[in-house]
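No hydrogens, no waters, no symmetry mates; every other heavy atom, side chains included, goes into these values. Whatever order the structure lists ligands and atoms in, that order sets their numbers, starting from 1.
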Amino acid sequence: MFRVLVSDAISEEGLTPLRTSANIDIVQKKVGEVEDELHTFDALLVRSATKVTEELLEKMTKLKIVGRAGVGVDNIDVDAATKRGIVVINAPNGNTISAAEHTFAMMAALVRRIPQAHISVKSREWNRSAFVGNELFGKKLGVIGFGRIGSEVAKRARAFGMTVHVYDPFLTKERAEKLGVSIHSLDEVLASADIITVHTPLTKETRGLLGTENLAKTKKGVYLVNCARGGIIDEQALIPFLESGHVAGVALDVFEQEPPGDHPLLAFDNVITTPHLGASTVEAQLNVATQVAEELLHFFEGQPVTSSINLPALSKDVYEKIQSFYHLGRKLGLIASQFMNIPVQELSVTYAGTVADLETTYITRSLLAGFLRPRVASTVNEVNAAMVAKERGITYGEKFSDETHGYANCISLTVHGENKTFTIKGTHVPNYGDRIVHFNGVAIDFAPEGHLLYIQHQDRPGMIGKVGNVLGAHDVNIATMQVGRQEAGGKAMMILSLDKPVDDAVLNALAQIDDIETVKRLEA
Ligand SMILES: NC(=O)C1=CN([C@@H]2O[C@H](COP(=O)(O)OP(=O)(O)OC[C@H]3O[C@@H](n4cnc5c(N)ncnc54)[C@H](O)[C@@H]3O)[C@@H](O)[C@H]2O)C=CC1
Ligand SMILES: O=C(O)C(=O)COP(=O)(O)O
């Protein structure tokens, strides 16, 4: 049974896929109301209200996944989640249209002073001359951040006869042209726009993007809209620009602190606000809740999730193609790590044959997780493998080659430690399974499964019998045995698959046999 804590208001209808699963128990409570049970939840579903801090994650010891029913994950400590191997997913496009429409509604309301006029009429006034506004038609709209929402806002602006100037350092010229907008530098947008709307995520780079210095570069009489995240426009910096009339008006759906309390900006007649309503439509809420609920189900069923913030994105189709290699990668990493039980500096993975055309990033992450697992006490999986490797000073890289050694596909892992290098190669044979085909310089063929024993020895007659005798004397049954050698009479090896793990006494007894150089226990 998986336990899901839903700690913000999430569409009931959207949660249906989770509710109909017999294996899932949903608890809809605020974090503060379930303090004693936090360690029992496998998943946490939130919107923007719950702050998913490192402290909270520390208490949720069983947590495997955080789902954000919406876009912005600035309320989630993604690094802290990644460090713990917790997947973070969001619903990136379910509320795009609602947020774009809300932005447009705010922009129109701002330039036509609709909220102020509304309050006036409700106060039994009829003062038409006090609410003369501006047209949107013919104006220049500066869009900062041209992702999903920014581009939908631009489409609507064009329909209103506005010219759109975009600043987004990650936007390609081709995409901008396709959408009928022109790309400019930030300074150009600031200097030319009659209205500026921001649609970036809140990051280190975008916090305070419109602060004193940049606000001073805007046109006198500019209107500003923030329906993205509080803090992209610096609230304190804005005050003198409103006081001087340089900024003609501001529309804010979001604040640095929500709710904003008795905020000085609220005292300005030309600041209009809504309480973070961009995504608050029946349609958007149903979309985002359904998206995260379905993703959560996939996750619990062991299927890939496609909207993860801290994992390479993987569609079901791609997952099905890489699944076998993903397991092979894990085994290669696991075995190599035990064999090289010394500090290592570098892992080099080479893909050859059919596997080289697949989404290898994910396979490498799996291999890395397999490698790190015997070395770290905490959870390590594809989510945090890269981070854990970095913390431990282990670098890794991928290469591609044509050298398949005669197999349809081949993954080769070379581990570099101090004064020692180890290479293992594996292949996946459809309908047969994973095979290790090269181990420590010797061509061999064995399945990376169960309790394995590696024995390196000199190639002499009678070695197999001697090993069999020792294992028999210790009541250890041999399931399979593979032998290989570099050359007749030279370095040779055996890989045995045993019915049970062997203890140190057995290893010591084997190591006593003449011509045996190394004995290692490997669990796969
Ligand atoms: N008010 C509300 O209820 C809602 C607010 N949002 C917020 O709207 C914002 C945009 O959401 P989406 O369009 O879905 O995200 P998106 O990820 O599709 O687009 C963000 C864009 O910002 C650009 N960007 C990143 N750093 C930048 C920088 N330093 N300068 C300029 N551009 C930069 C990116 O290249 C990207 O094109 C997010 O902050 C999101 O949290 C989203 C939905 C509802
Ligand atoms: O999706 C987003 O980024 C939003 O800002 C929507 O926030 P909400 O889910 O309405 O708290």
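- In terms of modelled atom types and a separation under 3.5 Å, the side chain of S337 and the main chain of G333 share no donor-acceptor contact.
- Listed by atom number, the atoms of ligand 1 under 4.0 Å from G72 heavy atoms are 41 (O).
- In the vicinity of F146, heavy-atom distances shorter than 4.0 Å reach the ligand 1 atoms 37 (O).
- Among all protein heavy atoms, the one lying closest to atom 11 (O) of ligand 2 is S48 OG, 2.4 Å.
- Remark: ligand 1 and T206 share no N or O pair separated by less than 3.5 Å (distance only, no angle test).
- Residues A386 and Y396 approach most closely at CB-OH, 3.4 Å, considering heavy atoms.
- Remark: of the listed residues V225, T197, L136, L136 is the sole one forming a side-chain contact (heavy atoms from CB on, under 4.5 Å) with F104.
- For atom 31 (C) of ligand 1, the closest non-hydrogen atom on the protein side is P169 CD, 3.2 Å.
- Of the protein's heavy atoms, I149 N, 2.8 Å lies nearest to atom 13 (O) of ligand 1.
- When only non-hydrogen protein atoms are considered, atom 26 (N) of ligand 1 lies nearest to F170 CE1, 3.6 Å.
- Counting heavy-atom neighbours within 6.0 Å of Q257 CD, excluding the residue itself, gives a total of 12 or less.
- Between H246 and F241, the ring center distance clears the sub-6.0 Å criterion.
- Counting protein heavy atoms only, atom 34 (C) of ligand 1 is closest to D168 OD2, 3.4 Å.
- Here's the thing with Q285: none of its N/O atoms is less than 3.5 angstrom from an N/O atom of ligand 2.
- Residue F300 qualifies as enclosed at atom CZ: its count of foreign heavy atoms under 6.0 Å is above 12.
- Distances below 4.0 Å separate heavy atoms of D253 from the following atoms of ligand 1: 1 (N), 2 (C), 3 (O).
- For atom 20 (C) of ligand 1, the closest non-hydrogen atom of the protein is H199 O, 3.5 Å.
- Taking distance alone, with nitrogen or oxygen atoms compared against 3.5 Å, A279 stays at or beyond that limit from ligand 2.
- Scanning both residues, V87 and S308, for their nearest heavy atoms gives CG1-OG, 3.7 Å.
- Proximity of A99 to ligand 1, defined as any heavy-atom pair under 4.0 Å, is confined to the side chain (atoms from C-beta onward).
- What sits closest to atom 14 (O) of ligand 1 on the protein, heavy atoms only, is R148 NE, 3.3 Å.
- From I149, atom CD1 reaches atom CG of N95 across 5.5 Å, with rounding to the nearest 0.5 Å.
- Considering backbone and side-chain atoms together, L202 places no N or O closer than 3.5 Å to any N or O of ligand 1.
- Nearest protein heavy-atom neighbour of atom 4 (C) of ligand 2: R68 NH2, 3.2 Å.
- Once rounded to the nearest 0.5 Å, the distance linking OG1 of T53 with CG of D77 reads 7.5 Å.
- Residue T96 places no N or O, backbone or side chain, under 3.5 Å from any N or O of ligand 1.
- Remark: ligand 1 and A279 share an N or O pair separated by less than 3.5 Å (distance only, no angle test).
- Counting heavy-atom neighbours within 6.0 Å of K62 NZ, excluding the residue itself, gives a total above 12.
- Considering only non-hydrogen protein atoms, atom 7 (C) of ligand 1 sits nearest to A228 O, 3.6 Å.
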Inset, instruction - Determine, step by step, whether Y362 and Y326 satisfy the ring-ring contact (aromatic ring centres under 6.0 Å, His included) criterion, reporting the C-alpha distance in whole Å, the side-chain angles of both residues, the deciding distance to 0.1 Å, and the verdict. - result: CA-CA 7 Å; Y362 213 86; Y326 169 83; 5.6 Å; yes

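- The distance criterion of under 3.5 Å between nitrogen or oxygen atoms is met by C227 with respect to ligand 1.
- Checked against a 3.5 angstrom limit, the closest N/O atoms of V71 and ligand 2 fall inside it.
- Scanning all protein heavy atoms for the shortest distance to atom 10 (O) of ligand 2 gives R47 NH2, 2.8 Å.
- Of all atoms in ligand 1, numbered sequentially from 1 with element shown, those under 4.0 Å from a heavy atom of H276 are 1 (N), 2 (C), 3 (O).
- Contacts of N95 with ligand 1, taken as heavy-atom pairs under 4.0 Å, involve the side chain alone.
- For the pair V164 and A157, the tightest heavy-atom approach, listed with the atom from each and the gap, is CG2-CB, 3.9 Å.
- Nearest non-hydrogen protein atom to atom 38 (C) of ligand 1 is T200 O, 3.5 Å.
- The N/O atoms of R229, backbone and side chain alike, include one that comes under 3.5 Å of an N/O atom in ligand 2.
- If you look at N95 next to ligand 2, the close heavy atoms, those under 4.0 Å, all belong to the side chain.
- In terms of heavy atoms, T206 sits closest to P201 at OG1-O, 2.6 Å.
- The number of heavy-atom neighbours closer than 6.0 Å to CZ of R112, taken from other residues, nucleotides and ligands shown, is 12 or below.
- Across all their heavy atoms, V198 and A228 have their closest contact at O-CB, 3.4 Å.
- Ligand 1 has no N or O atom lying under 3.5 Å from any N or O atom of E205, backbone or side chain.
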